[in-house]
Amino acid sequence: MSRFHQTSIVLIVNLEVHSSHRGNPEATHTLCTGAFCKRSLMARVLSLFRPLFLLAPVGVRWATVHRMSLDTRAREVFAAAVEAVRPDVVVRRGLERVGDTILVNGHSFTLRNNLHLVGFGKAVLGMAAEAERIIGDHLVRGVVSVPNGIQETLRQHGKDQMLLKEGSCIKVMEGAKNNLPDSEAQRAAECIKELASTLTQNDLLLVLISGGGSALLPAPIPPISLQEKLDVTRRLAAAGATIQELNSVRRALSLLKGGGLAQCAQPAQVVALILSDVIGDPLDLIASGPTLQTEVCPEEIWAVLDRYGLYAASLPASIKEVLGRSVQRCDATGNQSDRPADVLNTLIGSNGIALECAGRRARELGFRPVVLSPGVCGDVQSVSRLYGLLARFACSREEPPPELPAEILKLGPETGVDSWDLCRAMQVLGEGREQDWGATCLLAGGEPTVQLSGKGRGGRNQELALKVGLELAGMELPPMGPVFLSGGTDGQDGPTEAAGAVTDAGLGEEARTQGLDTKGFLINNDSFTFFSRLSSGQRLLLPGLTGTNVMDVHILLIPPTPVIVAGQ
């Protein structure tokens with residue numbers, strides 16, 4: 001057993017023994033670099049990892065796997081991730097019909113021509129089309145609030161299966177141009193509220209929710225105007241308020257967010273199918289949680305406003321009036337109600353599900369899949385550094401120096417990846433490299449951020465791919481060296497038609513020979529122009545509009561690395 005093999009086991013043993021420190025990055029880092037533990041605990045940890053070892057493709061060797069490039073395989077894995085979270089796919093997975101009964105997450109509901117449907121979000125049109133196909137003859141009426149121009153865009157991309165059939169009883173209302181609440185979105189929200197408020201205890205309301213739903217369901221509490229609500233949230237965002245703080249204020253000023261829609265639908269049964277685009281899948285943050293009852297405390301809202309300098313004197317009279325009274329939701333009669341709504345919230349699609357299906361496809365292509373995390377975040381500079389170091393760690397022909405895993409662990413807090421997950425990934429990558437398990441596919445997801453310093457075209461995925469390509473400089477080229485892909489599951493990265501890009505260690509030299517200055521493109525945040533000019537755009541990821549969104553998918557393909565054994 002090599003020294004690294006022993007050391008990597010110690011990383012996991014220490015974490016197993018001190019699992020109570022998982023929420024403390026500094027403590028976990030100390031444990032990961034600590035002294036050797038008892039052999040009995042080592043055996044216990046090895047037994048824990050045996051199921052992971054069995055994930056290696058049996059009898060598969062790199063030379064005999066499908067004859068396709070690493071670039072092509074990375075694109076295949078990404079396509080599988082997107083396919084797993086298509087609107088129609090997730091609805092079929094979450095909504096099953098048996099006769100005159102629908103089944104959702106182990107619960108059954110009887111259909112008696114009593115089903116009503118509402119929805120809001122970027123992926124909701126495709127979700128509604130599939131839901132109507134499943135339960136159409138029992139559907140009384142429906143209203144969906146979707147992005148401006150989405151129907152024509154889907155037609156242009158040949159996504160007819162995501163459009164409602166002619167004669168559908170579901171009304172489609174487009175709004176929220178540029179992903180901002182507007183008067184069209186507010187009219188859609190009013191129609192959704194009107195539908196929900198007329199339901200009885202014999203009715204069933206199916207609510208379809210996806211990312212972008214918050215902007216598509218603006219319903220300020222009177223007498224607050226939409227513009228007044230927007231101004232307050234913009235001021236908070238500019239002052240540095242967190243997403244949790246922004247959502248708490250939005251909920252306090254909204255009729256439908258924070259469980260308000262479910263309250264309006266009382267006494268009907270509410271069933272919500274949710275497609276998540278938020279790290280960690282917190283249901284109260286996805287579209288601001290319109291079907292998840294959230295207590296609104298005016299005192300806490302005032303504390304948030306005061307914290308960021310939005311004092312009472314600077315606020316509109318309407319907002320002060322609403323926050324000055326006890327905020328309660330309305331029932332179907334318009335009366336205030338504290339009675340909890342009868343709601344079933346079910347998550348039917350997420351980044352984690354996309355990564356799981358991507359892993360299955362990776363295995364079919366001859367890779368051993370390893371999921372790092374579905375919650376990668378932080379600046380793309382730190383994230384690209386993390387992937388570059390992990391690639392060097394996995395592709396090292398000799399035992400990696402101890403400084404390398406230590407540097408990887410230090411990046412955990414900056415990238416939203418738990419130290420435990422980093423230690424686990426390094427353990428598996430190290431074992432695979434030393435025991436010759438063949439090629440590995442490291443998978444992750446999330447939503448990194450870009451610090452804007454220029455006015456170029458691009459998005460976080462293309463910029464991340466460009467930075468990772470530079471981090472890989474000096475490593476071997478494919479097929480002996482690693483390949484990295486970063487792509488947005490919605491098919492669009494920033495204001496471009498690309499979803500992302502594929503890169504490897506040859507990117508820097510390729511750019512130099514073609515007269516492209518990578519530094520200049522990065523300073524101007526112009527990654528799309530860079531990849532468009534580089535080798536005629538061959539590295540761009542162009543799947544077209546997907547009609548769904550569960551954040552981004554990152555794929556690092558690592559070919560087998562012959563290990564140099566000391567003394568041989």
Side-chain angles (χ1 to χ4, degrees), residues 122 147-148 176-182 211-212 214-215 230-247 277-279 285 308-309 351 375-388 411 413-417 444-471 484-503 507-508 511 516-534 537 539-542 549-554:
K122 294 179 179 180
N148 186 72
K177 191 173 183 180
N178 299 321
N179 201 31
L180 294 172
D182 55 21
S214 185
L230 282 174
D231 288 343
V232 168
T233 53
R234 283 172 177 163
R235 289 170 63 187
L236 281 173
T242 66
I243 184 62
Q244 290 82 4
E245 291 169 329
L246 286 170
N247 272 295
D277 71 336
V278 181
I279 288 176
L285 292 188
Y308 295 100
N351 191 271
V376 175
C377 58
D379 188 82
V380 292
Q381 183 65 46
S382 298
V383 176
S384 64
R385 181 64 177 158
L386 175 65
Y387 288 132
L411 287 169
E414 298 177 34
T415 58
V417 183
E447 202 165 272
T449 55
V450 173
Q451 298 296 321
L452 294 177
S453 57
K455 297 181 179 180
R457 296 182 67 203
R460 58 180 178 266
N461 287 285
Q462 293 166 86
E463 185 151 327
L464 177 60
L466 174 50
K467 287 179 178 288
V468 170
L470 299 178
E471 289 286 344
F484 177 79
L485 178 151
S486 182
T489 55
D490 60 356
Q492 296 175 313
D493 186 39
T496 74
E497 60 265 31
V502 186
T503 190
L507 179 134
L516 299 175
D517 176 20
T518 55
K519 184 177 180 180
F521 283 105
L522 284 171
I523 290 174
N524 197 34
N525 298 118
D526 204 13
S527 54
F528 177 72
T529 302
F530 169 80
F531 279 114
S532 296
R533 294 180 181 175
L534 184 71
R539 291 180 179 267
L540 283 171
L541 182 63
L542 298 165
N549 183 29
V550 293
M551 300 180 290
D552 305 333
V553 170
H554 305 152

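The first residue of the sequence shown is numbered 1, and numbering continues consecutively from there.
Distance check, rounded to the nearest 0.5 Å: CG of N351 to CG of N549 gives 9.5 Å. A distance of 6.0 Å separates OG of S384 from NZ of K467, quoted to the nearest 0.5 Å. For the atom pair CG of D182 and CG of L230, the computed distance is 9.0 Å after rounding to the nearest 0.5 Å. Considering CG of L534 and CZ of F521, their distance stands at 9.0 Å, rounded to 0.5 Å.
Scanning all heavy atoms of the two residues, the minimum distance from T529 to D526 falls at OG1-OD1, 2.7 Å. For the pair P448 and V380, the tightest heavy-atom approach, listed with the atom from each and the gap, is CB-CG1, 3.8 Å. Counting all heavy atoms, side chain and backbone alike, Y387 lies closest to A444 at OH-CB, 3.3 Å. The nearest pair of heavy atoms linking C377 to G416 is SG-CA, 3.7 Å. Scanning all heavy atoms of the two residues, the minimum distance from Y308 to A239 falls at CD2-O, 3.5 Å. Shown here for L180 and A215, the closest heavy-atom pair between the two residues is C-CB, 4.3 Å.
In this structure, the side chain of D277 does not engage the main chain of V550 through any donor-acceptor pair within 3.5 Å. N525 places no side-chain N or O within 3.5 Å of a backbone atom of G456 that could act as its donor or acceptor partner. The backbone N or O of M551 sits less than 3.5 Å from a side-chain atom of T489, completing a donor-acceptor pair. Side chain of R457 to main chain of P495: a donor-acceptor pair is present (N/O by atom type, distance under 3.5 Å, no hydrogens or angles). Using modelled atom types, one side-chain atom of S453 and one backbone atom of I523 make a donor-acceptor pair closer than 3.5 Å.
Put simply, the side chain of T503 does not reach to within 4.5 Å of the side chain of E471, judged on heavy atoms. Side-chain contact between E463 and Q381 is absent, with no heavy-atom pair separated by less than 4.5 Å. Within the 4.5 Å cutoff, the side chain of Q462 has heavy atoms near those of the L540 side chain. Looking at L507 and L466, their side chains come closer than 4.5 Å, going by heavy atoms from C-beta outward. When side chains are defined from C-beta on, P147 does not count as touching N179, because their heavy atoms never get closer than 4.5 Å. Using a 4.5 Å cut-off on side-chain heavy atoms (C-beta onward), R533 and L516 make contact. By the 4.5 Å heavy-atom criterion applied to side chains, S486 and H554 are counted as neighbours. At least one side-chain heavy atom of L522 sits under 4.5 Å from a side-chain heavy atom of L470.
Partners of D552 by salt bridge (charged side-chain N to carboxylate O under 4.0 Å, His left out), not counting sequence neighbours, listed by chain and number: R460.
Sorted pairs that involve residues 485-495 and meet salt bridge (Lys or Arg N to Asp or Glu O under 4.0 Å), not counting sequence neighbours, are lacking altogether.
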Set out, in order, the CA-CA distance, both residues' side-chain angles and the distance that settles side chain to side chain contact (heavy atoms under 4.5 Å, CB included) for E497 and L542, then state yes or no. CA-CA 7 Å; E497 60 265 31; L542 298 165; 4.2 Å; yes

